[in-house]
Asker: 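Provided herewith is a single structure, encoded as structure tokens, for subsequent inquiry.
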Amino acid sequence: MKTISHILCAVLLCLTVTLSAQHVRYDVEPAIQRIQEDYIAKWGRVHNIDGYRIQIMAISGPSARTRMESAKTSIQAEYPQLSVYATYQEPYFRIRVGDFKTRIDAYRMLQRILPQYPSAYIVADQIEY
């Protein structure tokens, strides 16, 4: 009987500790709170950072825009997890994919893309973050 009451007490103690741990309250100094709010206000507006993308193609010529649009559609279908960016910088239409913070992340994806697009390579770019 003592064993059962000890086990019951232990279970009830665990339950009260678990339930009380779900309500955590932090007291933050007002100066620290202002610093946090200033940081969020300043950096919350930044959407572009230095990073890497993979350039799939750069084409020019009379039908370049049409070829670029069809390539963009097929890339989006093949790699739906990647963001696809089509840009024009005279005289080339360029297609770049991804928003990679590190070159290693870009390299991993490049290895998956190379069989379909052997001329693809990594470029430094402003990425959306």
Side-chain angles (χ1 to χ4, degrees):
M1 193 67 169
K2 274 187 169 180
T3 309
I4 294 175
S5 66
H6 282 82
I7 292 172
L8 185 61
C9 286
V11 168
L12 288 174
L13 181 63
C14 289
L15 276 173
T16 58
V17 168
T18 303
L19 291 175
S20 66
Q22 292 178 358
H23 301 287
V24 177
R25 186 174 155 238
Y26 294 100
D27 291 328
V28 180
E29 292 281 332
I32 303 253
Q33 183 71 30
R34 280 193 304 276
I35 290 170
Q36 287 177 332
E37 289 168 358
D38 290 345
Y39 179 84
I40 290 169
K42 179 179 179 184
W43 293 103
R45 294 178 294 203
V46 175
H47 299 292
N48 292 330
I49 62 170
D50 290 334
Y52 301 92
R53 289 198 171 125
I54 299 170
Q55 183 158 314
I56 301 287
M57 64 176 50
I59 53 177
S60 64
S63 63
R65 184 180 186 100
T66 307
R67 292 186 352 226
M68 183 266 306
E69 291 294 336
S70 67
K72 181 180 171 185
T73 304
S74 68
I75 291 167
Q76 287 173 329
E78 290 176 52
Y79 302 98
Q81 75 277 16
L82 290 177
S83 301
V84 180
Y85 302 94
T87 60
Y88 177 73
Q89 191 172 26
E90 193 173 345
Y92 296 104
F93 286 95
R94 292 188 172 105
I95 296 180
R96 293 180 177 176
V97 297
D99 290 310
F100 305 103
K101 288 190 258 183
T102 66
R103 190 171 188 87
I104 292 187
D105 292 336
Y107 182 78
R108 287 185 190 125
M109 183 54 69
L110 177 66
Q111 295 307 306
R112 291 178 53 200
I113 289 174
L114 279 175
Q116 292 90 4
Y117 303 97
S119 63
Y121 60 95
I122 298 171
V123 295
D125 204 348
Q126 288 287 305
I127 63 169
E128 293 182 10
Y129 180 71

Asker: Check which hydrophobic residues are tied to Val123 through side-chain heavy-atom contacts below 4.5 Å, counting indirect links as well, and list them.
Answerer: Tyr121
Asker: For Gln36, give me all partners under side chain to side chain donor-acceptor pair (under 3.5 Å), at least two apart in sequence or on another chain.
Answerer: none
Asker: With sequence neighbours excluded, tell me which residues meet side chain to side chain donor-acceptor pair (under 3.5 Å) with Arg108.
Answerer: Asp105
Asker: Show which residues join Ile104 in its hydrophobic cluster (side-chain heavy-atom contacts under 4.5 Å, direct or indirect), or state none.
Answerer: none
Asker: Could you list who else is in Ile95's hydrophobic cluster, with ILVMFWY side chains joined at under 4.5 Å, directly or through other members?
Answerer: Tyr52, Ile54, Ile56, Met57, Ile59, Met68, Ile75, Tyr79, Leu82, Val84, Tyr88, Phe93, Val97, Phe100, Tyr107, Met109, Leu110, Ile113, Leu114, Tyr117, Ile122
Asker: So which pairs with a foot in residues 52-63 pass salt bridge (Lys or Arg N to Asp or Glu O under 4.0 Å), sequence neighbours left out?
Answerer: Arg53-Asp99, Arg53-Asp125
Asker: Not counting sequence neighbours, list each pair that qualifies as a salt bridge (Lys or Arg N to Asp or Glu O under 4.0 Å) and has a residue in residues 60-75.
Answerer: none
Asker: If hydrophobic residues (ILVMFWY) are linked whenever their side-chain heavy atoms come closer than 4.5 Å, directly or via other members, who joins Tyr92 in its cluster?
Answerer: none
Asker: Where do Pro91 and Ser60 come nearest, in terms of heavy atoms and distance?
Answerer: O-CB, 3.0 Å
Asker: Per the salt bridge (Lys or Arg N to Asp or Glu O under 4.0 Å) rule, what does the pair list look like for residues 82-94, sequence neighbours excluded?
Answerer: none
Asker: With sequence neighbours left out, write down each residue that passes side chain to side chain donor-acceptor pair (under 3.5 Å) with Gln33, or none if nothing qualifies.
Answerer: Glu37
Asker: Looking only at heavy atoms, which two atoms of Gln55 and Ala58 are closest? And how far apart?
Answerer: NE2-CB, 3.5 Å
Asker: Mind checking side chain to side chain donor-acceptor pair (under 3.5 Å) for Glu29 and listing every partner two or more places apart, or none if nothing turns up?
Answerer: none
